[in-house]
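Below is one structure, written out as structure tokens, with a few remarks after it.
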Amino acid sequence: MAAPKRGRSASAQSKPGRSLALILIAIVALTGGMFLSGNTTPRLGIDLAGGTSITLKAKADQGSAINKANMDTAVDIMNRRVNGLGVSEAEVQTQGNDNIIVNIPKGTNSKEAQQQVGTTAKLYFRPVLASEPSGAGAQSPSPSASPSGSSSPKPSASPSHSASSKEKASSSSTASPKASATSQGRAVTGALKAGSTPSPSGSASGSSTPKATPSASAGASAEAAKLQAQYAALDCTKPDQRAKVGGAAKPGDPTVACGQIKKVWYKYVLGPAAVDGTEVKNAAARFDTQGASGWQVVMNFTSSGSKKFADVTGQLAKNQAPQNEFGIVLDGEVVSSPYVSQAITGGQAEISGSFTQQDAQSLANMLSYGALPLSFQEQSVTTVTAALGGEQLHAGLLAGAIGLGLVVLYLVVYYRGLSLVAMASLLVSAILTYVIMSLLGPAIHFALNLPAVCGAIVAIGITADSFIVYFERIRDEIREGRSLRPAVERAWPRARRTILVSDFVSFLAAAVLFIVTVGKVQGFAFTLGLTTVLDVVVVFLFTKPLMTLLARRKFFAGGHKWSGLDPKSLGAKPPLRRTRRPAGPVAGSVDPKEA
């Protein structure tokens with residue numbers, strides 16, 4: 001029974017190159033992925049790059065439970081608000097069960113961010129005066145397409161009690177002619193001059209062209225010209241332009257806005273707000289089991305909202321596309337723009353189209369929670385200037401360099417030639433850590449903050465400790481009188497067990513710390529856990545195979561004075577005599593690990 005084990009062990013020992021090739025291939029693949037993705041440096045946290053970090057704690061005092069759905073909805077709304085500040089690389093994420101961390105990079109007004117991030121979002125229903133695809137791919141001379149011109153059907157709004165009206169709405173939209181960009185511009189200008197934009201108090205049968213004084217007419221003309229110029233110059237595919245439109249508009253004023261429909265950005269001219277989001281009582285996503293509409297959103301209005309919605313849809317139904325649409329605008333961005341073909345009365349309406357379940361649920365959440373579904377209490381606000389962040393990064397890197405230098409110095413003095421193995425292993429571990437951190441930035445929004453740097457510095461000691469355990473086991477075997485090659489193999493089982501137990505304890509501590517803490521301490525825990533896992537990988541796939549190869553070299557195998565494995569310096573006993581082991585009970589008592 002012992003012979004096969006020795007055979008497998010000998011086979012594994014004779015091919016350490018496989019393990020070395022495996023880890024080198026992994027390093028090359030990860031490094032190549034890092035350069036191909038363009039993320040060649042780790043993302044820096046607020047405390048290193050500079051910026052503002054806001055920690056908010058949820059409170060269930062609005063009749064809503066603190067659960068994953070409500071927290072995700074709050075994160076989505078806050079994300080829109082942060083993006084509305086015109087910042088880039090902002091980060092809004094949940095931590096724990098009831099905390100949200102908002103990290104805003106440098107260059108942002110921290111007071112403005114602090115005021116806006118946790119406040120109630122603004123939701124309005126605005127009539128669409130003009131819309132068309134935005135960006136380099138949009139051609140103004142071609143027929144102007146509202147979102148209904150996309151490859152998927154345009155969402156339509158209809159009374160929830162009538163299935164036939166939905167079909168009629170869809171067919172009337174496809175039959176109506178599309179206006180060109182020029183004719184849309186004239187229609188917008190005419191609508192703004194005449195003041196015929198639907199309003200909450202407007203009547204479906206009322207006059208659409210009220211009399212205006214010359215001064216009022218001149219003011220409307222100037223306003224229309226300015227709005228038309230903004231609309232013509234707007235490119236919604238550019239984040240910096242999207243951040244400057246829509247959000248600051250007053251409810252009673254027309255505005256330009258952007259919206260993404262089926263991954264295509266559209267630009268809009270919107271009339272004054274016809275219905276406020278607070279007048280939506282509730283909204284829900286449901287699947288139409290009786291018709292062909294698929295997933296749809298059903299919304300219910302309050303009594304005042306029901307009348308306003310009936311008035312505005314009655315006026316919109318008389319217009320041609322895209323002026324028969326109303327935009328659902330959240331914080332200045334159009335999240336949906338369904339069209340109508342008749343007045344929607346009764347206080348309940350459906351929005352149907354080519355919705356997926358996720359799309360329908362997302363729109364329902366926005367309609368239901370135009371305001372945040374939970375209230376939040378500010379726990380902490382940390383603002384770090386870019387200069388201070390740079391100083392902290394420099395200090396952290398300096399501390400890491402000093403710690404690494406001291407570890408290397410100790411290894412060289414005490415282990416001499418063996419220190420080359422330790423330094424090569426530390427280098428491999430450092431490369432893997434750097435590359436993985438760079439890739440995790442865009443993948444999971446990992447940011448290297450100051451506690452994370454501290455975790456990496458602590459990891460240097462943990463990694464060096466694994467090498468020391470293995471080296472000391474090898475030296476113990478040499479002191480027993482064995483030559484280097486069998487000493488390397490006999491020391492490995494015992495060292496391996498100790499290394500695994502030690503790393504498991506470190507990883508368990510890091511995991512517990514990551515779960516129970518909130519904020520920057522999680523950066524320390526994450527880095528400590530990551531480097532602990534990499535320590536196991538490097539020891540098993542690099543350090544041990546490298547020692548097996550070096551044990552075949554005369555410098556180490558012969559016990560050179562500077563190899564760190566000199567039997568005389570270690571006080572080795574006389575060499576063990578090779579004798580045949582007796583058969584029977586004695587052979588059965590052989591330690592399987594030694595076999």
Side-chain angles (χ1 to χ4, degrees), residues 12-44 396-397 400-401 403-405 407-408 411-412 415 417-448 452-471 488 492 495-496 499-500 502-504 506-507 510 523 525-553 556:
Q13 296 167 16
S14 63
K15 298 180 180 179
R18 290 184 178 180
S19 299
L20 292 175
L22 180 62
I23 194 169
L24 290 178
I25 290 173
I27 291 175
V28 170
L30 290 172
T31 305
M34 179 184 71
F35 281 103
L36 288 175
S37 65
N39 302 291
T40 55
T41 56
R43 288 183 64 212
L44 297 181
L397 295 176
L404 180 61
V407 170
V408 170
L411 292 172
V412 170
Y415 288 108
L418 282 178
S419 63
L420 296 175
V421 180
M423 286 188 286
S425 301
L426 283 172
L427 179 61
V428 170
S429 180
I431 293 174
L432 285 173
T433 302
Y434 181 88
V435 172
I436 291 176
M437 283 184 175
S438 299
L439 292 173
L440 288 179
I444 63 171
H445 305 293
F446 171 76
L448 186 67
V453 173
C454 295
I457 296 173
V458 172
I460 296 174
I462 294 176
T463 305
D465 183 59
S466 300
F467 308 149
I468 291 172
V469 169
Y470 186 31
F471 294 161
V488 167
W492 174 241
R496 176 181 60 199
I499 291 170
L500 287 176
S502 175
D503 283 345
F504 175 76
S506 297
F507 182 81
F526 182 86
T527 306
L528 183 61
L530 174 64
T531 51
T532 301
V533 172
L534 291 179
D535 175 47
V536 175
V537 173
V538 170
V539 169
F540 275 71
L541 297 182
F542 186 81
T543 307
K544 167 59 173 60
L546 185 60
M547 278 303 305
T548 300
L549 291 177
L550 293 180
R552 303 170 185 175
R553 300 293 180 265
F556 289 96

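All of these numbers come straight from a predicted model, not from anything done at the bench.
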Problem set entry | Residue list, side-chain contact (heavy atoms from CB on, under 4.5 Å) with A430, at least two apart or on another chain | none

Problem set entry | Under the side-chain contact (heavy atoms from CB on, under 4.5 Å) test, residues paired with L30 that sit two or more places apart | L432, V435, I436, L439

Seminar exercise, completed: Sequence neighbours excluded, the answer for ring-ring contact (aromatic ring centres under 6.0 Å, His included) partners of Y470 is W492

For this session: For residues L549 and L20, determine if any side-chain heavy atom of one lies less than 4.5 Å from a side-chain heavy atom of the other.
Result: yes

Let me have the donor-acceptor pairs involving side chains of residues 528-539, under 3.5 Å, with sequence neighbours excluded, atom names and distances please.
residue: T531; atom: OG1; partner: T527; partner atom: O; Å: 2.8
residue: T531; atom: OG1; partner: L528; partner atom: O; Å: 3.0
residue: T532; atom: OG1; partner: L528; partner atom: O; Å: 2.7
residue: D535; atom: OD1; partner: S466; partner atom: OG; Å: 3.4
residue: D535; atom: OD2; partner: S466; partner atom: OG; Å: 2.7

Problem set entry | For F507, ring-ring contact (aromatic ring centres under 6.0 Å, His included) partners two or more places apart | none

Problem set entry | All side-chain contact (heavy atoms from CB on, under 4.5 Å) counterparts of L36, not counting sequence neighbours | none

Problem set entry | Heavy-atom side-chain contact between S502 and D465 under 4.5 Å | yes

Exercise. Which atom pair, heavy atoms only, marks the closest approach of L550 to F556?
Worked result: O-CB, 3.5 Å

Exercise. Which residue pairs satisfy the side-chain hydrogen bond (donor to acceptor under 3.5 Å, both in side chains) criterion with at least one member in residues 26-38, sequence neighbours excluded?
Worked result: S37-N39

Contacts under 3.5 angstrom, residues 418-429 side chains, donor-acceptor by atom type, not counting sequence neighbours:
residue: S419; atom: OG; partner: R416; partner atom: O; Å: 2.4
residue: S425; atom: OG; partner: V421; partner atom: O; Å: 2.9
residue: S425; atom: OG; partner: T543; partner atom: OG1; Å: 2.8

For this session: Rounded to the nearest 0.5 Å, what's the gap from CD1 on I499 to CD1 on I462? Could you check?
Result: 13.0 Å

For this session: Specify the closest pair of heavy atoms between F446 and R43, including all atoms of both residues, with the distance to one decimal.
Result: O-CB, 3.6 Å

Seminar exercise, completed: By side chain to side chain donor-acceptor pair (under 3.5 Å), Y415 pairs with (sequence neighbours left out) E472

Exercise. Considering only heavy atoms from C-beta outward, does the side chain of V407 approach that of F467 to under 4.5 Å?
Worked result: no

Seminar exercise, completed: Sequence neighbours excluded, the answer for side-chain contact (heavy atoms from CB on, under 4.5 Å) partners of P42 is Y434, M437, S438, L448

Problem set entry | CG-CZ distance between L541 and R18, expressed to the nearest 0.5 angstrom | 13.5 Å

